[in-house]
Amino acid sequence: MKLFAFQPSGYGQYSFFVMAEDLTEALHAVEKYIAETFDSTCSLPYAGFGTESFKLTVVDRGEVITNAND
C-alpha cells in the first residue's frame, strides 16, 4: 500500500491524496471521489486532473512529503 499524492503543478484549487495498491486503483478512487463530490459540469475545482497539470508523488510507508500552502 502506498500514498499517491496528486498536486497541481502550478495553480489548482485541490490536491488529492489516496492510499492504494497501484496507480490504477489510485486514479479510479480519485475519479470516483470527483464524480461523487463535485456534482457539476464545472471542472474548475479539479481542472486538469489526469493530465500533466497535476504532479504525482508516490510515497512508501515512513516517507514524508510536504506541500507549501501558498
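Quantities reported herein were computed from a predicted structural model and do not represent experimental measurements.
Side-chain contact between Glu21 and Met1 is present, with at least one heavy-atom pair separated by less than 4.5 Å.
Atom CG in Leu27 sits 7.5 Å away from atom CG in Leu56 (nearest 0.5 Å). A distance of 11.0 Å separates OH in Tyr14 from CZ in Phe54, rounded to the nearest 0.5 Å.
Partners of Ala26 according to the side chain to side chain contact (heavy atoms under 4.5 Å, CB included) rule, which considers only residues two or more places apart in sequence or in another chain, are Phe4, Phe6, Val18, Ala20. Residues satisfying the side chain to side chain contact (heavy atoms under 4.5 Å, CB included) criterion with Thr57, sequence neighbours excluded, are Ala5, Gln7, Lys55, Val59, Ile65.
By the criterion of side-chain heavy atoms lying less than 4.5 angstrom apart, applied directly or through intervening Ile, Leu, Val, Met, Phe, Trp or Tyr residues, Leu23 is grouped together with Ile34 in one hydrophobic cluster. Cluster membership for Met19 and Phe17, using ILVMFWY side-chain heavy atoms within less than 4.5 angstrom, is shared.
The backbone N or O of Asp60 lies less than 3.5 Å from a partner atom in the side chain of Glu63, making a donor-acceptor pair.
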